[in-house]
Amino acid sequence: MKKLILISTYLALSLAVHAEKKYITDGFGIWSTEDFKKFTPVLACTNPILGAGSIKTIQIVDIYDRFILYKKMEHFDEYQFEFYSYKDSKHSPIYTVNRKNINRELDSAFYSENCIFCLEHTINSNYSKSDFYITKRTVDSLEVVLEYKLDKSSFKVSCTGPMYVDEKNDRFLCQCSKYRKDGRLEYFLKIMSLSTGKELFLTETNYLTEVFAEDGKVYLSVQNKLFTANYTDENISLHELKTFVPEKKKIIAIRKNGDIYVLRTEHKRFNPVHRFIFGSDSTIWSYYVCKIQDGELVKVKKLKKNS
């Protein structure tokens, strides 16, 4: 009996020592865990150094890997596509598109299953008169293999942000913004049909760095409230998920990692030095591991900030 207990103890200890590390991310940071009870900060995901370039898209592909579209500033007419790994700071260029060769500007891009989708508009001195398209290329060639034209009247925005394409369900999702009368930007999530180019749904949302959608659902937030919508529905509507986030904080990112979600919030904190130098209060970010249970976002643990 004692021998059996010793063997069981040894096996348990061996499993604990050799437990496989798992990694979670919200896109801004990476944490490791072995038991989903303790989470250790691994890396802060700051934007990679691209030289003289302006990032148009940075999309999560995997824990460490990102897909990037940026406009070169030293070669103003060129847009560069690449993969980037935070693990070893490695840039893997895909190809370059010249705006003059296609007579279009590239506003945003989305990578999925070896394909690259782009939101493009024709070069025009009057932006409102430009034509807008969703193009499809493979990572092996910059030749356009498929193109969808968007309805011009449905695309009246000041600028566009991250996008998401679901060809199977005939959907294009995009974060966009427009200026209010007071000069401030308002942010929206727009859902459109690829086949008709028509707008199907438009709603206010906080500015997020990526459209988070999966299994026919898209997540968005307004201040401390979290909403989800089935973007494949004929009549799209929002469903609110109750949250634990206090009113003073704003939800700005959420990402699923297996059975859990990583949530990021921000709020302003008065800082006399920061206000004196920059003219504004300092911004505080918080990170949480959460679960969705019975239509409610439940906090599991607050995460330590990546340095």
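Annotation for Gly161 and Cys174: closest pair O-SG, 4.1 Å, computed over non-hydrogen atoms. Between Glu266 and Thr283, the shortest heavy-atom contact is OE1-CG2, 3.8 Å. Pairing each heavy atom of Arg184 with each of Asp182, the nearest pair is N-OD1, 3.0 Å. The minimum heavy-atom distance linking Glu210 with Gln59 is given by the pair OE2-CG, 3.2 Å. Closest of all the heavy-atom pairs between Asp151 and Lys198 is OD1-NZ, 3.6 Å. Shortest non-hydrogen contact noted between Ser32 and Val42 is N-CG2, 3.5 Å.
The main-chain N or O of Lys37 is found under 3.5 Å from a side-chain atom of Asp35 such that the two form a donor-acceptor pair. The backbone N or O of Val245 lies less than 3.5 Å from a partner atom in the side chain of Asn224, making a donor-acceptor pair. Between the side chain of Thr138 and the main chain of Cys115, no donor-acceptor pair closer than 3.5 Å is present.
Aromatic ring orientation, Tyr261 versus Phe212: perpendicular (interplanar angle above 60°, classes split at 30° and 60°). Using bins of under 30°, 30° to 60° and over 60° for the plane-to-plane angle, the ring pair Phe81/Tyr95 lands in the perpendicular bin.
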* To do: Kindly determine whether Thr33 and Lys21 satisfy side chain to side chain contact (heavy atoms under 4.5 Å, CB included), including the steps that lead there.
  => CA-CA 6 Å; Thr33 182; Lys21 276 190 177 181; over 6 Å; no
* Show the numbers, then the answer: is there a side chain to side chain contact (heavy atoms under 4.5 Å, CB included) between Phe67 and Ile116? => CA-CA 10 Å; Phe67 166 71; Ile116 296 173; 4.0 Å; yes
* Show your working on side chain to side chain contact (heavy atoms under 4.5 Å, CB included) between Ile260 and Phe36 and close with a plain yes or no. => CA-CA 9 Å; Ile260 64 173; Phe36 287 95; 3.7 Å; yes
* **Evaluation steps, side chain to side chain contact (heavy atoms under 4.5 Å, CB included), between Phe39 and Val289** => CA-CA 9 Å; Phe39 299 86; Val289 171; 3.8 Å; yes
* Worked check of side chain to side chain donor-acceptor pair (under 3.5 Å) between Gln80 and Thr96 -> CA-CA 5 Å; Gln80 176 70 46; Thr96 299; 2.6 Å; yes
* Phe28 and Tyr287: ring pair (Phe, Tyr, Trp, His ring centres under 6.0 Å), yes or no, with the steps? -> CA-CA 10 Å; Phe28 300 93; Tyr287 307 82; 7.4 Å; no
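Within the model, atoms OG of Ser92 and CZ of Arg66 stand 14.0 Å from one another, a figure rounded to the nearest 0.5 Å. The CD atom of Glu204 sits 9.5 Å away from the CZ atom of Phe227 when rounded to the nearest 0.5 Å. To the nearest 0.5 Å, atoms NZ (Lys225) and CG (Asn206) are separated by 12.0 Å.
Between Asp26 and Arg255 there is no salt bridge, since none of the side-chain N atoms of the basic residue sits less than 4.0 Å from a carboxylate O of the acidic one. Checked for salt-bridge contact, Glu120 and Arg104 meet the test: a charged N lies under 4.0 Å from a carboxylate O. Between Lys72 and Glu78, at least one side-chain N (NZ, or NE/NH1/NH2) sits under 4.0 Å from a carboxylate O, which counts as a salt bridge.
The only member of Asp166, Thr232, Leu173, Thr228 that meets side chain to side chain contact (heavy atoms under 4.5 Å, CB included) when paired with Val218 is Leu173.
Within 6.0 Å of CD in Glu147 there are more than 12 heavy atoms belonging to other residues, nucleotides or ligands. Atom CG of Asn101 has more than 12 heavy atoms from other residues, nucleotides or ligands within 6.0 Å. Heavy-atom contacts from other residues, nucleotides or ligands closer than 6.0 Å to CG of Asp259 number 12 or fewer. Other residues, nucleotides and ligands contribute over 12 non-hydrogen atoms within 6.0 Å of the NZ atom of Lys22.
Inter-residue side-chain proximity for Leu106 and Leu119 is flagged as unmet; no heavy-atom pair is nearer than 4.5 Å. In this structure, the side chains of Arg264 and Tyr288 stay at 4.5 Å or more apart for every pair of heavy atoms. Looking at Tyr64 and Thr25, their side chains never come closer than 4.5 Å, going by heavy atoms from C-beta outward.
Residues Tyr111 and Phe83 place their aromatic rings such that the two centres sit under 6.0 Å apart.
Follow the hydrophobic side-chain contacts under 4.5 Å out from Ile24 and you never reach Ile251; the two are in separate clusters. Cluster annotation: Met163 is connected to Ile236 through the hydrophobic network of ILVMFWY side chains, with a link wherever side-chain heavy atoms come within less than 4.5 Å. At a threshold of 4.5 Å between side-chain heavy atoms, the hydrophobic network of Ile, Leu, Val, Met, Phe, Trp and Tyr places Tyr231 and Tyr148 in one connected group. If you chain together hydrophobic residues whose side chains sit under 4.5 Å apart, Tyr133 and Leu150 never meet in one group. Grouping the Ile, Leu, Val, Met, Phe, Trp and Tyr side chains by contacts below 4.5 angstrom, directly or via other members, places Leu189 with Phe110.
Looking at Tyr219 and Glu214, their side chains never bring a donor and an acceptor atom within 3.5 Å of each other. Between the side chains of Gln175 and Tyr164, no donor-acceptor pair is found at a separation under 3.5 Å. When only modelled atom types and interatomic distance are considered, Ser108 and Thr57 share a side-chain donor-acceptor pair under 3.5 Å. Judged by distance alone, the side chains of Asp107 and His121 do bring a donor and an acceptor atom under 3.5 Å apart. Side chain to side chain, Asp170 and Ser193 meet the donor-acceptor criterion of an N or O pair below 3.5 Å.
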